[in-house]
Amino acid sequence: MKKLLVLTNVFPYSHSEQYMETEEKYYTRFDKVWIAALGLTKTYAGSRRDLQSQAEVIPVRAQSGLFYYLSFLAVLGDRNLYKELFELKRTHRLTKQRIWNLIGFLIRAHYDASLIDQALKKEDKTDILIYAYRFERHAYIALLLRKKWGKQHPIVCRAHGYDLYEERSVIQYIPMRSVTLNEVDDVFPCSKCGVEYIKNRYPRRKARVDVRYLGTVDHGEKIFASAGKRLSIVSCSNVLEVKRIDRIVDALSMIDDIPIEWVHYGEGELLDEIRAYAGDRLPQNVRASFPGNLPNTELLSEYASKDYYVLLNVSSSEGLPVSIMEAMSFGIPCIATDVGGTGEIVNESNGVLVSKEASPGEISDAIRFVYSMNDADYLALRRRARASWKERFDAEENYSAFIEELLTME
């Protein structure tokens, strides 16, 4: 009897981790599935999505800072705390900030693991595969659970962006990385770039590290009908500093001779600032709208029904963007910065890949380049975008193979 325990950020709560909606339905091949939603707050608790796998959800509720502070003694018996402190000192990275980050990481990991263990107290734990969807605290929680339950439980981790690249952390540090890489069985970054990052940074790791692409559902190719008309541009991401939405505004502000409609899907801490910035900077020929977050099904319906000419992604750091996969599955070409694994999906044959530090001028030139194509060339570009997605990022192919691999692990 094969069982699966999945550790997520908050899925199936809130609107985040939407791409897990696609993968989750393939969990039906397991006899029993649990999904532990870590760090669940009151804000998210009332927004649980329906599941297709009939998984049992374990809500791991976040606590106050004081609660965690009072739990400090729980981590002093963790031998890995002292290993990590020694490693930080050995590599000349020991700072007060990193020490406190490490302690906070361990307090939350031990607390979350104890709640999950308690939730599964009456369950038969044989044949449980532990699957950490993020390569951060989730992976260490998996190790703590295996220590409680016994070595026979394989541990598999995915790795994406912020949970993989330590440079994206304010203090350039993700705790317990060496320990995790030496004790889990498999780490599957979502891009070849991620694989090389781990292998170069941790050459003596014991875990197997190999790419496993995510994927999106095939909703069919969008028949485009508006070549040569209004330029409809779409972008889709959280509105955070790393996404550099202001650079899209700056690029569009340089185009005053083409009628443009720009729609950005997503929310975040900078949304009001970006909305105001767009209102100040954009010329009259550019209409901008910010619908916020949409359920994934509604977003894909937008892609299917509207004639979006191109998708923009100008992030300074990425894993391998699912937003680009989704757009290309409909045949929407993408203009994107060459960061993370983006170059594994966008190239000169199916879109435009600009440099990581592309200026607003370079981005506006790329937009003009695509818009200046004649109808035949542009429609061929759309077909190649769709074909590139089909070749490597079709959910049916990728997730079926991934789950089959998980089922065979012992």
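In this structure the side chain of Cys334 never reaches within 4.5 angstrom of the side chain of Val310, judged on heavy atoms. Side-chain contact between Leu240 and Glu269: present, with at least one pair of heavy atoms (C-beta onward) separated by less than 4.5 Å. In this structure, the side chains of Ile116 and Leu5 come closer than 4.5 Å at one or more pairs of heavy atoms. At a threshold of 4.5 Å between non-hydrogen side-chain atoms, the residues Ser317 and Ser315 do not count as touching. Met328 is listed as a side-chain neighbour of Ile345, based on a closest heavy-atom distance under 4.5 Å. Counting heavy atoms from C-beta on, the side chains of Leu252 and Ile367 come closer than 4.5 Å. Ile363 has its side chain within reach of Val314: a pair of non-hydrogen atoms, C-beta onward, lies under 4.5 Å apart.
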* Asked: Taking it one step at a time, do Glu397 and Lys390 satisfy salt bridge (charged side-chain N to carboxylate O under 4.0 Å, His left out)?
  -> CA-CA 9 Å; Glu397 295 289 332; Lys390 184 66 177 174; 5.9 Å; no
* **Ser355/Glu362 under side-chain contact (heavy atoms from CB on, under 4.5 Å): CA gap, chis, key distance, verdict** => CA-CA 9 Å; Ser355 67; Glu362 291 175 85; 3.9 Å; yes
* To do: For Glu23 and Arg158, run salt bridge (charged side-chain N to carboxylate O under 4.0 Å, His left out): C-alpha distance rounded to whole Å, both residues' side-chain angles, the deciding distance at 0.1 Å, then the answer.
  => CA-CA 12 Å; Glu23 182 180 291; Arg158 278 204 189 270; 3.1 Å; yes
* Just do the side-chain contact (heavy atoms from CB on, under 4.5 Å) check on Ile335 and Leu311 with the steps written out, would you? => CA-CA 6 Å; Ile335 296 171; Leu311 179 138; over 6 Å; no
* In sequence, state the C-alpha distance, the side-chain angles, and the governing distance for Arg90 and Glu87, and then conclude on salt bridge (charged side-chain N to carboxylate O under 4.0 Å, His left out). => CA-CA 5 Å; Arg90 186 187 69 81; Glu87 180 67 12; 2.8 Å; yes
* Asked: Please walk me through it: do Tyr265 and Glu302 pass side-chain hydrogen bond (donor to acceptor under 3.5 Å, both in side chains)?
  -> CA-CA 10 Å; Tyr265 295 104; Glu302 291 284 294; 2.8 Å; yes
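In this model, no donor atom of one side chain and acceptor atom of the other lie less than 3.5 Å apart for Thr342 and Glu318. Side-chain contact check for Asn350 and Ser388: at least one donor-acceptor pair (N or O, by modelled atom type) lies under 3.5 Å. Judged purely by distance below 3.5 Å, without hydrogens or angles, the side chains of Asp78 and Tyr140 pair a donor atom with an acceptor atom. For the residue pair Tyr213 / Glu344, a side-chain donor-acceptor distance below 3.5 Å is found, with atom types taken as modelled.
At distances below 3.5 Å, not a single donor-acceptor pair connects side-chain atoms of Arg177 with backbone N or O atoms of Ile174. A donor-acceptor distance shorter than 3.5 angstrom exists from the side chain of Lys125 to the backbone of Leu120, with no hydrogens or angles considered. Under a 3.5 Å cut-off, the side chain of Glu24 and the backbone N or O of Ser53 do form a donor-acceptor pair. A donor-acceptor pair under 3.5 Å is formed between the side chain of Tyr378 and the backbone N or O of Tyr309.
Of all heavy-atom pairs spanning Glu166 and Tyr202, the tightest one is OE2-OH, 2.6 Å. In plain terms, the two heavy atoms of Ala304 and Phe330 that are nearest each other are CB-CE2, 3.7 Å. Across all their heavy atoms, His160 and Asp163 have their closest contact at N-OD1, 3.1 Å.
Sorted by first and then second residue, the side chain to side chain donor-acceptor pair (under 3.5 Å) pairs with a member in residues 249-258 read Asp250-Tyr277, Asp250-Arg281, Ser253-Arg281, Asp257-Arg368; sequence neighbours excluded. Listed by first and then second residue, the side chain to side chain donor-acceptor pair (under 3.5 Å) pairs involving residues 179-193 are Arg146-Asp185, Asp186-Arg208 (not counting sequence neighbours).
The side-chain hydrogen bond (donor to acceptor under 3.5 Å, both in side chains) check on Trp262 picks up Ser235, with sequence neighbours excluded. Among residues two or more places apart in sequence or in another chain, the ring-ring contact (aromatic ring centres under 6.0 Å, His included) test is passed with His153 by Trp149. In terms of the ring-ring contact (aromatic ring centres under 6.0 Å, His included) criterion, Tyr173 has no residue partners (sequence neighbours excluded). Here Arg98 pairs with nothing under the salt bridge (Lys or Arg N to Asp or Glu O under 4.0 Å) rule; sequence neighbours left out. Residues satisfying the salt bridge (Lys or Arg N to Asp or Glu O under 4.0 Å) criterion with Glu167, sequence neighbours excluded, are Arg201. Shown here are the salt bridge (Lys or Arg N to Asp or Glu O under 4.0 Å) partners of Arg212, two or more places apart in sequence or in another chain: Asp210, Glu405. For His138, there are no ring-ring contact (aromatic ring centres under 6.0 Å, His included) partners two or more places apart in sequence or in a different chain. Every residue was checked against the ring-ring contact (aromatic ring centres under 6.0 Å, His included) condition with Phe30, not counting sequence neighbours, and none meets it. Evaluation of the side-chain hydrogen bond (donor to acceptor under 3.5 Å, both in side chains) rule for Glu326 yields Asn296 as partners, not counting sequence neighbours. Applying the salt bridge (Lys or Arg N to Asp or Glu O under 4.0 Å) criterion to Arg386, with sequence neighbours excluded, gives Asp218.
Note that the CD1 atom of Ile245 and the CG atom of Asn313 stand 8.0 Å from one another [nearest 0.5 Å]. Between Cys193 atom SG and Tyr165 atom OH the span is 3.5 Å, to the nearest 0.5 Å. From His264, atom NE2 reaches atom CD1 of Ile274 across 8.5 Å, with rounding to the nearest 0.5 Å. Taking OG of Ser364 as the start and CD1 of Ile255 as the end, the distance is 5.0 Å to the nearest 0.5 Å. Taking CZ from Arg392 and CG from Asp394, the interatomic distance works out to 13.5 Å, rounded to the nearest 0.5 Å. Atom CG of Leu76 sits about 8.0 Å away from atom CD1 of Ile103, to the nearest 0.5 Å.
A side-chain contact (heavy atoms from CB on, under 4.5 Å) with Pro175 is found for one member of Leu88, Ile99, Leu102 and no other, namely Leu102.
Salt-bridge annotation for Lys89 and Glu84: absent, with no side-chain N of the basic residue lying under 4.0 Å from a carboxylate O of the acidic one. A salt bridge between Asp307 and Lys222 is present, with a side-chain N of the basic residue lying under 4.0 Å from a carboxylate O of the acidic one. For the pair Arg134 and Glu17, the salt-bridge criterion is met [side-chain N within less than 4.0 Å of a carboxylate O].
Atom NZ of Lys199 has more than 12 heavy atoms from other residues, nucleotides or ligands within 6.0 Å. Within 6.0 Å of the CD atom in Glu241, the count of heavy atoms belonging to other residues, nucleotides or ligands does not exceed 12. No more than 12 heavy atoms of other residues, nucleotides or ligands sit less than 6.0 Å from atom CD of Gln97.
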